[in-house]
4 protein chains.
Amino acid sequence: MLGSMTEQQQKGRPATGGAVLRRRVTEAITEAAFAELAEAGYARMSMEAVARRAGVGKAALYRRWPSKQAMITELIRNKVTGTLPHTPATGDLHTDLRELLATFRSQLANPLLARIGAALLAEASHDDALAEGIHTGVTAPRRAAARAILQAAIDRGELPAGLDLDLGTDLLIAPLAFRMMVTQDSSDDDYLETLTNAIEAALKAATR
Amino acid sequence: MLGSMTEQQQKGRPATGGAVLRRRVTEAITEAAFAELAEAGYARMSMEAVARRAGVGKAALYRRWPSKQAMITELIRNKVTGTLPHTPATGDLHTDLRELLATFRSQLANPLLARIGAALLAEASHDDALAEGIHTGVTAPRRAAARAILQAAIDRGELPAGLDLDLGTDLLIAPLAFRMMVTQDSSDDDYLETLTNAIEAALKAATR
Amino acid sequence: MLGSMTEQQQKGRPATGGAVLRRRVTEAITEAAFAELAEAGYARMSMEAVARRAGVGKAALYRRWPSKQAMITELIRNKVTGTLPHTPATGDLHTDLRELLATFRSQLANPLLARIGAALLAEASHDDALAEGIHTGVTAPRRAAARAILQAAIDRGELPAGLDLDLGTDLLIAPLAFRMMVTQDSSDDDYLETLTNAIEAALKAATR
Amino acid sequence: MLGSMTEQQQKGRPATGGAVLRRRVTEAITEAAFAELAEAGYARMSMEAVARRAGVGKAALYRRWPSKQAMITELIRNKVTGTLPHTPATGDLHTDLRELLATFRSQLANPLLARIGAALLAEASHDDALAEGIHTGVTAPRRAAARAILQAAIDRGELPAGLDLDLGTDLLIAPLAFRMMVTQDSSDDDYLETLTNAIEAALKAATR
DNA sequence: TTCTAATCGAGACGGTACGTCCCGTCTTGCC
DNA sequence: GGCAAGACGGGACGTACCGTCTCGATTAGAA
C-alpha cells in the first residue's frame, strides 16, 4: 500500500533459483533506523548512518525502499498499525472508556512514537500516500473503536441518542493524545480516572 | 530570544556607513520563506530556493539568521506570537468558553500553521531552544488564557473548587486543536457550540 | 599463465557430479564479453552487462576468472596469441618483409583489437602481470619473427652485419602498427609495397 | 572545444557582482589529478581521491568539468598541446631530422604522458570529441612539423619529388613513438643517431 | 555633496548526504 | 557440484544543499 516489501513477501519464492531480501538484514536495518530516528529525528537522520549502524551497504536499504521518506514512512506505519486497540465491551460506559483510554495511553507512551509522531504528521501534509496510510492504519481503527463504545452506550441508553458521534470521538481521543504528544506531560492513573469522568459528562452534553 | 535580528534591532546601530539590514530585503525573504515552507514543508525546503524566490543572495539570509532552523523558527514564532488570544471575561463561563474557542479556531485556521505546526513540533523534540520558544511564545499564553477563564469561573462558583486546572485546560484546548491540526476536519459554528456545551459539562465533572 | 581456466582444463577432471565448467557457458560469456568490449570499451564495460548479455549468472564469470581485468586480459591474450605470425623464409629479404607486413596488417585489421589495444596497454602500465602477458603472448613472438628475418638476411649478406637488430625490429613493426592503431588510417597494397621498399632501405642504413 | 573552463575564462568578469572559479583551486585540482592519474591510472583513479588530495570539495571538480572523463581529457590535452614542437629548418635534412626526433624524444619522455597516453587513446575510440581534440592538439601539429621538413628537403632536392609525404611522416614519427610508448624502451643519443640515418635512407626510397 | 563602510546579488567554496551503479562474494533452490 | 538469479558489503559516481567566503556594485548615514 505504502512502502514495498513486507515480511510475507520476503518468503515469496520467485520462478527460478533466486535471491530474496534477507530477513536478518531487514531486521538489522529496521532496528538501526529506529535507533537513528530516536537519536536524531527524521530530518537529521541519514541513510548512511542507518546503513553503517546496521552493518549493511546503502544498497540494501534502497533495495527495500525507494527513498528515505518511504522507508521511515513504512517502518512507522508498521510499528503503529501493529498495535491495534481492542474495543472493550464491558456493558458499562465508564469502564469501557477507562479501558480504552488506558490502551491509548500505553500505546502513546512508546517513547519513539512521541518523538516521531509529529514528524510523520508533518510529512503527511506533503505526501498523500502517507496521509492515507496514517488514516487507514492509525487514525481510522482508533476512531472506530471509540465510536463502537459510544454507539453501544447509546443503544443501552447510557448516552443520549442525539450524541454527535464525531465530536464525541474527538472528546474521547484528543485530550489524552494532545497531552502526551504535544505537551509531553505524564498522565497517571488519577489523571486518567478524572479524565474519564469528565469525558463521560461531556458526552452526555454533546448533543446537537 | 530565539533568532537574532528583529526589526527593532535593524534600527539599532546606525554607526557609520549604510550598514543596516534593509527592511525590504527582510520582507522579501520572509515572504519567500513562508511560500516555500507551505509548498515544500520544513524538511524539503531549501535556503537556496528561498533566496532565489526572494531575488536575494544567500548571504542576505545568513546575515539575518544563523541557520535554516533559526530562520524558520523565528518566522513562525513571530507569526504565531503576533496573534495572542485575548482573554475573554464576560462574567459568564459559557460565553467566555465560546469566545476563546472561536479565537483559537481562527488562529488555527491559518493554513500555513496547519502545514507547519507538525514540522515545528517534530523539530522541537530535538531542539530544546525551539521547544522552549514554542512553549513561551505559543503554548504558555494560550494555556494561561484558558486557566484565567477557568479560575474566574471557579471564583464565581460556576465551576467546582476542586477542578483540576491542568486537565481542564487540556479539555478546553485539545479537541479543537486536535481536530484542526491532526484530523484536518472543519469546525463550523454548530460544532463549536456543541463543543462548548460538552466542555462545560466536562469541566463540572473534572474534579479530582 | 595469466587467467585461470582454459578449455583444456575444462575437460580435465570429470570427478563426481556435473562439476565441470560447461563449455557452452564459457563460449556465451566470451562472445558477450567481446561484444560489450567493442561497444563500451574496457573502462565502461561491466561484468553485469556481460553476464546479462550472455544469459548467465555473474557467478559463472567469477568461477572462470578472478576479476574483470583477468577475464578481459585472458580473452584478448587468447585472441591475439591465437594468430601467431609465421616467419616467412623465402630467401629473399624483400619478399620476406612484404609477407610479414601483410601478416601484421591482417592481424591488426581486427576491428576489436584496434578498439581494445590501447585500453590494454593503458592497463598494462599499472599491472605487471598484464604487461608480462602482453609481452610474452603478443610482442615477443612478433619481434622474434622480425628478428629471424633480419638475421637470415644478414647471414645471406643482404643486410650489413652491423645492423642494430633492435632498431631494425622497431623500423619493421612501428610504422604499420602506429598507422593502424593510432592514426586509424588504412593501408592498401600500394602503401605496403612502398613501405617495404622504404624499410629495406632503412635497414641497410641502420648500422651503429 | 573539449572541456569547459580555461584559465583565460577564469578572469572573465560576469555582468554583476559575481563568483568566478578560483585559479588556486583549479591549480590544486589539476596537480592532484595528475598525481592520482600517475599513481592509479585512468580507470582506477577516483574523483573523490582527487578532491581529497587537492583539499577541495567534490563539487569544485564538477563545477569545472561535467565528468571524470571530461576532466582527464581536458587536463591531458592541455598538457600535451602546451608543448608544441618547433620546426627545425637548418637547410640540412639530416640535422633537421635529428633535431625533430630529439624534440619528440624529450616530449615523449614525460613519464606522465607515457602512463597516460594509452588510456587517452583508448578513451578516444569511444569519444569523438576526445579523438578530435587529440588530433587537432597533438597529432596534427606534429605531423605538420614533419611534413614541413620533408617538403623543404624535396624542394632542396635532398629527397625525391615522388616521396609519399604521408608514409614519410609515419616513418619519421612511428619508430620513436612506438619504442617509447609501447615498448617503454630507452633511446639514447646513439639510438637517435642511427635512427636518423635509417630514416633518411628510408625516405629516399619511399617513392610510390 | 562627498566619503565610506556595510549590505547587496551572485555564486564558488569545503562538506555531507542523497540515490544509483558496479565490483567481487554469498545465498538459494534447481538440475 | 555447476547453474541462473540476484542480494550482499563496499565504494565511487554525479547532484543538491548547508553555511561560509569572495567579488564588484549599490546605497545610505556621517562629514
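Each chain gets a letter, A, B and so on, in the order its sequence line appears, and its residues count up from 1. Any value given below was found using the heavy atoms of this structure, including those in side chains, with hydrogens, waters and symmetry copies removed.
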Select base, sugar-phosphate, or nothing to describe what M45(B) touches, counting heavy atoms under 4.0 Å on all strands. sugar-phosphate
Tell me which one of E31(B), E48(B), E36(B) satisfies side-chain hydrogen bond (donor to acceptor under 3.5 Å, both in side chains) with R53(B). E36(B)
Would you say dT25(E) has OP1 or OP2 under 4.0 Å from some side-chain N or O of Y62(C)? no
Where the side chain of L21(A) is concerned, which of dC8(E), dC8(F), dC23(E) is the nearest nucleotide? dC8(F)
Among the nucleotides dG24(E), dG14(F), dG9(E), whichever has the atom closest to the side chain of E48(C) is dG24(E)
Which sits closer to the 5' end of DNA chain E, A54(B) or G55(D), going by the nucleotide each is nearest to? A54(B)
Rounded distance in Å - CD1 (I29(B)) to P (dG19(F)): 14 Å
Less than 4.5 Å apart, side chain to side chain, heavy atoms only: is that true for I76(A) and I72(A)? yes
Tell me whether the side-chain N/O atoms of R22(B) come closer than 4.0 Å to OP1 or OP2 in dG9(E). no
So does K58(D) reach the base of dG14(F) with its side chain, donor to acceptor, closer than 3.5 Å? yes
Please work out if K68(A) contacts a base, only the sugar-phosphate, or nothing of the nucleic acid, heavy-atom cut-off 4.0 Å. sugar-phosphate
For dC13(E), does OP1 or OP2 lie under 4.0 Å from any side-chain N or O of R63(D)? yes
Nearest-nucleotide check on DNA chain F, G57(C) vs V56(A); residue mapping nearer the 5' end is G57(C)
Is R44(C) close to Q69(D) at the side-chain level, that is, under 4.5 Å between some pair of heavy atoms? yes
If only side-chain N and O atoms of R64(B) are considered, is one of them under 4.0 Å from the OP1 or OP2 phosphate oxygen of dC8(E)? yes
Round to a whole Å and report the spacing from CH2 of W65(D) to P of dC13(F). 14 Å
Does K58(C) reach the main-chain N or O of R52(C) with its side chain, forming a donor-acceptor pair under 3.5 Å? no
Closest-nucleotide 5' rank along DNA chain E - winner of A59(D) and R44(C): A59(D)
From CA spacing to verdict: side chain to side chain contact (heavy atoms under 4.5 Å, CB included), M71(D), I29(D): CA-CA 10 Å; M71(D) 177 176 101; I29(D) 294 172; 4.2 Å; yes
